[in-house]
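Scroll down for the structure; my scribbles are underneath it.
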Amino acid sequence: MEEIGIVAVGGYNEMGRNMTAVVVGDEIVILDMGIRLDRVQIHEDAEIDRMHSLELIDMGAIPDDTIMRDINGTVKAIVCTHGHLDHIGAIPKLAHRYNAPIISTPYTTALIRGQIEEEKKFKVNNPLVALKAGDSYEITDSITVEFIPIPHSIVDSVIAVLHTPYGSVMYACDFKLDRAPTIGDSPNFSALKRLGRKGVLAMITETTNSSRSGKTPSETIAKEMLRDVLLGTEESHVGMIVSTFASHIARLNAIIEIAEEMGRIPVFMGRSMEKYLLAAHDLGFINLPKNVEIYGQRKDIDKALKKIMTEGKEKYLPVVTGHQGEPGSILVRISNGETPFQVESGDRVIFSANIIPSPMTRANRYALETKLRMRGARIYDDVHVSGHAYREDHWELLRMVQPVHVIPAHGDLAMHSAYIEMAEDAGYVLGETVHLLRNGEILYIEP
Ligand SMILES: [Zn+2]
């Protein structure tokens with residue numbers, strides 16, 4: 001049977017829990033295995049690391065891979081494109097069901113290893129294969145995976161390309177076409193153009209920001225925005241707290257550099273801050289100056305916050321978790337007065353992050369900001385640029401690669417629709433060359 005099957009397992013109806021399977025003859029490659037955290041957080045007492053896969057599938061928190069039973073073929077590899085939880089978070093719950101290696105870049109592999117170690121319900125013994133961005137790996141005699149480096153909001157991200165006897169399948173989830181990233185290389189346009197010339201049978205692409213017009217601003221812009229907020233003030237002595245994505249290493253690095261210009265000591269606090277930062281340091285993605293302080297445990301964090309209060313807020317730049325108002329996070333504890341850090345009138349709280357647009361997050365964030373304001377904090381929000389391509393970046397990638405078929409993934413129906421309209425402008429036809437898939441559906445493509 002000379003055809004390729006694309007199985008939409010998860011992440012086609014929603015943001016999160018991404019998983020796609022590509023069927024090539026009787027061999028299958030799984031792309032990503034992610035979690036949808038808002039479905040877990042809604043149950044306040046959920047302890048994910050002790051929960052069973054089927055329970056999490058019922059909650060809609062991880063991909064429903066039970067559909068894989070109906071597909072003929074053997075899974076030969078699980079390929080993950082980057083270390084965000086919506087791409088790797090379901091590995092501890094699902095990977096053990098497949099007798100296959102997990103292939104990802106070194107940073108992603110380090111994060112996956114950490115996930116597996118924290119898992120309490122299942123033993124995950126799949127071999128971990130660290131494949132460098134830019135390299136290729138022969139999965140079987142007929143399938144090779146190529147990693148093309150691509151900027152995103154976490155380091156060591158790639159576009160994965162499966163080269164098969166029936167043609168190439170490109171998986172671009174997630175990416176931005178950042179020509180001036182602050183860590184890592186700009187997109188490898190010559191590799192993408194080479195693929196385009198050789199011919200790509202199908203491109204599976206994220207659609208997160210496909211309804212936003214124009215192009216995504218570079219990470220360099222975010223760094224300048226942060227510098228402007230932190231240094232561009234006559235009130236340089238006040239308390240300042242930054243909150244951002246712990247996994248956004250480029251942003252954390254910018255904060256370190258700006259803290260030095262401010263003459264303040266950067267103090268990173270939170271279990272996830274410690275995890276992502278140390279892994280990035282171990283692999284050489286980031287240099288940590290001698291004065292940087294990192295605290296993961298609550299008692300150490302509270303001790304550090306006490307020290308900041310006694311020695312003077314103007315000497316430190318705390319960088320904390322909690323920008324989405326997550327219950328129990330450091331910023332939320334600060335806003336509740338549950339730490340030794342006292343917010344005083346005129347202290348600044350800088351959100352170097354967007355608000356994830358779910359009603360629960362909005363409510364948490366609203367409560368957080370209100371409590372901080374009541375204590376006298378001045379709020380600087382959205383000091384941030386996105387890690388996801390906007391519409392004209394999608395246009396550019398589509399025209400550069402010119403796949404025969406294109407499949408929107410990693411988004412909800414509205415995001416896919418915006419993408420499909422853009423693809424129609426580029427000459428694609430819905431149902432013929434651009435395909436709308438829902439979770440659980442399979443698309444067969446003939447070369
Ligand atoms: Zn991502």
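Here the structure is a predicted model, which is why all the values come from computation and not from measurement. As the structure lists them, so they are numbered: ligands from 1, and atoms in each ligand from 1. Quick note: residue numbers are just sequence positions, from 1.
- A side-chain N or O of Thr20 and one of Tyr12 form a donor-acceptor pair less than 3.5 Å apart.
- Between Glu55 and Lys121, none of the side-chain N atoms (NZ, or NE/NH1/NH2) sits under 4.0 Å from a carboxylate O, so this pair counts as no salt bridge.
- For the salt bridge (Lys or Arg N to Asp or Glu O under 4.0 Å) condition, the pairs that include at least one residue of residues 204-223, sequence neighbours left out, are Glu219-Arg251, Lys223-Glu257.
- Listed by chain and number, His82 NE2, His84 ND1, His152 NE2, Asp174 OD2 are the protein N/O/S atoms closer than 2.8 Å to the Zn ion (ligand 1), with waters left out.
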Quiz: residues 185-192 side-chain donor-acceptor pairs under 3.5 angstrom, not counting sequence neighbours:
from   : atom 1 : to     : atom 2 : distance (Å)
Asn188 : OD1    : Ser190 : N      : 3.4
Asn188 : OD1    : Ser190 : OG     : 3.0
Asn188 : OD1    : Ala191 : N      : 3.0

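- Asp86 contributes atom CG, which lies 6.0 Å from atom CG of Asp174 (distance to the nearest 0.5 angstrom).
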Can you give me every donor-acceptor pair (side chain of residues 196-205, partner residue at least two apart or in another chain, under 3.5 Å) with its distance?
none

